[in-house]
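First comes the structure, then the notes that go with it.
All values reported here derive from a predicted model rather than from experimental measurement. In this chain, numbering begins with 1 at the start of the sequence shown.
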Amino acid sequence: MASNQQALRALPSVETLAKTLSAENPLPRAMITAFVQREISRFRRDILAGESPTRQEIETDIGKQLSIFSSSRLQPVINATGVIIHTNLGRSPLGSQAAEALTKIATGYCNLEFNLTEGNRGKRAGYLEVALASILETEAATAVNNCAAALVIMLRHLCKDEKNEVIVSRGELVEIGGGFRIPEILETSGAKLVEVGATNKTHLEDYAKAITAQTAMILKVHRSNFYIGGFTDDPSILELAELAHSHGLPLIEDIGSGALMNTDELAPIDHEPKPQDSLKNGVDLVCFSGDKLLGGPQSGIIAGKTALIEGIKKEPFFRAVRCDKLILTVLQECIDTYLETKSSNTTSKVPALDFIGKDISSLRQRAEAIIEHIPSNIRDQFAVSETTARTGGGTMPKSEIPSLAISIAPKHVSVNQLASRFRTGSPAVVGTVVDNTLHLDLRTVFEQQDQALGDAIIQALAN
Ligand SMILES: *Cc1c(COP(=O)(O)O)cnc(C)c1O
């Protein structure tokens, strides 16, 4: 106990340490104080448990923890990975139109659930639902928190009591990402998974044979983040829809990425299925993410038959997954942008699509211009190299887009140290380490970030 008392004296004063640390950290002073307090309590517990760190060790560690804490704060990042829809870097960036609309709605009142024509209570997301149904050329649509929530609520609505079997091909039991697997989603939704076929081949008869009085639906899941090649077979949507409907069952499709236009016209990449085509071919409901190829905010869009959409919206659970006014604003703006982009045949307004379509020569020019500004004494560590960009985020797994990077083979630090300097710099820059080279792929860097990227390069290589 006595040694505990002595060890406790090593604990620094919260105020003094917070003051020292705040000299080099931009976080609000009160935040730093609260954080230091928390860390000191942690050390106090350790000491009472028998440890005896010195004051120096405590102060150094708290300083380190503070800088880790500080860099975990959400902040802009220059994405130099070449992965366009990068789930860890916030998926699709919004266009400026959506961002401006967001500011206006966020800082004032709006007609979220108010009918301006009648002067009484109005329908939430009324505009968005009609707009979505119109561009998807289907009866009805709605939006929820994300595509996973869309899938859960569709399953909850359609699987009731005894009639809860969901038929899925074994080739489509995918893990969506972050350990989120289709079989587990089915389970949490009260559905009973009925697997059919083999990993590489599922025939129409496999589905037909699995239909029983307990079948609730046939579910198709787009293999959005992996690819099965070679000896493969799947029935067409048309055939599956015919089979489902002949048994009075709905055919549901989780399409994941949801390209509303032919993204393969922008770059030499695989065709990504469009929700419109699935609906046209007889799928009763589709769902897809709003922040993948649509280029919008995190959301999940459900579209298809009116009776099903209305039923879903009446589920008590719908309330738990509905979108807030900020998301609805951004989604509605994204759809307008999308329509303008489509009609004008340009993609410049939807950043994700713009990145897919950028030609190599414009990237080369930018790379050369950035390198030109690098001091000549360090320029021999730089090169322009050909890389492979990807759409990412659970889209077109096989799709590789030829791209270009500024590559750095550092002479005075290790490549991992260099990558870390870029990540923790201001602005943070995330690249890719390949062998002993750091690649900064320009396909996913906004042109207006080139200057900042150039400055970050000089800063990271200084000394
Ligand atoms: C990405 C994806 C999801 C999950 O979408 P979130 O919007 O992240 O919830 C679900 N299904 C498929 C097929 C996907 O590709």
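Residues meeting the side chain to side chain contact (heavy atoms under 4.5 Å, CB included) test with Leu27, sequence neighbours left out: Asn25, Met31, Ile32, Leu66, Phe69, Ser70, Arg73.
The line from CZ of Arg319 to CD1 of Ile153 is 12.5 Å long, rounded to the nearest 0.5 Å. One finds the CG atom of Leu442 at 10.0 Å from the CD1 atom of Ile360 (value rounded to the nearest 0.5 Å). Interatomic distance, CD1 of Ile84 versus CG of Leu353, reported as 9.0 Å (0.5 Å rounding).
Looking at heavy atoms from C-beta onward, Ile105 lies out of side-chain contact with Glu333 at the 4.5 angstrom threshold. Side-chain contact between Cys147 and Cys287 is present, with at least one heavy-atom pair separated by less than 4.5 Å. Within the 4.5 Å cutoff, the side chain of Met154 has heavy atoms near those of the Ile302 side chain. Looking at Arg42 and Asp61, their side chains come closer than 4.5 Å, going by heavy atoms from C-beta outward. Side-chain contact between Cys334 and Leu94 is present, with at least one heavy-atom pair separated by less than 4.5 Å. Counting only heavy atoms from C-beta outward, the side chains of Pro297 and Leu331 approach each other to under 4.5 Å. Side-chain contact between Met217 and Leu155 is present, with heavy atoms from C-beta onward closer than 4.5 Å. A heavy-atom distance below 4.5 Å is not found between the side chains of Val168 and Val194.
Checked by atom type and distance alone, the side chain of Ser189 never pairs as donor or acceptor with a backbone atom of Ala191 at under 3.5 Å. Of the possible polar contacts, none joining the Arg423 side chain to the Ala428 backbone as a donor-acceptor pair under 3.5 Å is found. Side chain of His86 to main chain of Asn88: a donor-acceptor pair is present (N/O by atom type, distance under 3.5 Å, no hydrogens or angles). When atom types are taken as modelled, the side chain of Glu139 and the backbone of Thr306 share a donor-acceptor pair closer than 3.5 angstrom. Lys163 places a side-chain N or O within 3.5 Å of a backbone atom of Thr215 that can act as its donor or acceptor partner. For Asn79 (side chain) and Val83 (main-chain N/O), a donor-acceptor pair under 3.5 Å exists by modelled atom type. Judged by distance alone, with hydrogens and angles left aside, the side-chain atoms of Ser420 form no donor-acceptor pair with the main-chain N or O of Asn416 at under 3.5 Å. The closest donor-acceptor contact from the side chain of Thr103 to the backbone of Ala99 lies under 3.5 Å. Distance alone, capped at 3.5 Å, places no donor-acceptor pair between the Ser289 side chain and the Ser257 backbone. Using a distance-only test at 3.5 Å, with no hydrogens or angles considered, a donor-acceptor pair links the side chain of Arg421 to the main chain of Ala460.
Under the 3.5 Å distance criterion, with hydrogens and angles disregarded, a donor-acceptor pair is assigned to the side chains of Ser278 and Glu253. If you check the side chains of Thr387 and Asp441, you find a donor sitting under 3.5 Å from an acceptor. No side-chain donor from either of Ser403 and Glu386 sits under 3.5 Å from a side-chain acceptor of the other. In this model, no donor atom of one side chain and acceptor atom of the other lie less than 3.5 Å apart for Thr81 and Thr432. Checked by atom type, the side-chain pair Asp435/Thr437 shows no donor-acceptor distance below 3.5 Å.
Closest of all the heavy-atom pairs between Gln276 and Leu260 is NE2-O, 2.8 Å. Summarising the geometry of Arg170 relative to Gly197, their closest heavy-atom pair is NH1-O, 2.6 Å, with the distance given to 0.1 Å. Smallest separation of non-hydrogen atoms from Leu136 and Pro275: CD2-CG, 3.9 Å. Nearest approach of Leu453 to Ile78, heavy atoms of both residues: N-CD1, 4.2 Å. Shortest non-hydrogen contact noted between Leu243 and Tyr207 is CD2-CB, 3.6 Å. Scanning all heavy atoms of the two residues, the minimum distance from Asp284 to His245 falls at OD2-NE2, 2.7 Å.
Using a 4.0 Å cut-off between a side-chain N of Lys or Arg and a carboxylate O of Asp or Glu, Glu129 and Arg124 do not qualify as a salt bridge. Taking 4.0 Å as the cut-off between side-chain N and carboxylate O, Asp380 and Lys411 count as a salt-bridged pair. The pair Lys220-Glu172 meets the salt-bridge criterion, with a side-chain N (NZ, NE, NH1 or NH2) lying under 4.0 Å from an Asp/Glu carboxylate O. Using a 4.0 Å cut-off between charged nitrogen and carboxylate oxygen, Lys160 and Glu315 count as a salt-bridge pair. Checked for salt-bridge contact, Arg443 and Asp359 miss the test: no charged N lies under 4.0 Å from a carboxylate O.
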List the steps and the verdict of side-chain contact (heavy atoms from CB on, under 4.5 Å) for Ile301 and Leu294. CA-CA 10 Å; Ile301 289 149; Leu294 178 64; 3.7 Å; yes
For a side-chain contact (heavy atoms from CB on, under 4.5 Å) check, start with the C-alpha distance between Glu113 and Arg121, then their side-chain angles and the critical distance, and finish with the verdict. CA-CA 6 Å; Glu113 289 181 4; Arg121 196 191 161 129; 2.9 Å; yes
Begin from the C-alpha positions of Phe288 and His222 and carry the test side-chain contact (heavy atoms from CB on, under 4.5 Å) through to its verdict. CA-CA 10 Å; Phe288 57 94; His222 176 43; over 6 Å; no
Between Ile252 and Ile218, is the side-chain contact (heavy atoms from CB on, under 4.5 Å) condition met? List the steps. CA-CA 6 Å; Ile252 308 297; Ile218 295 178; over 6 Å; no
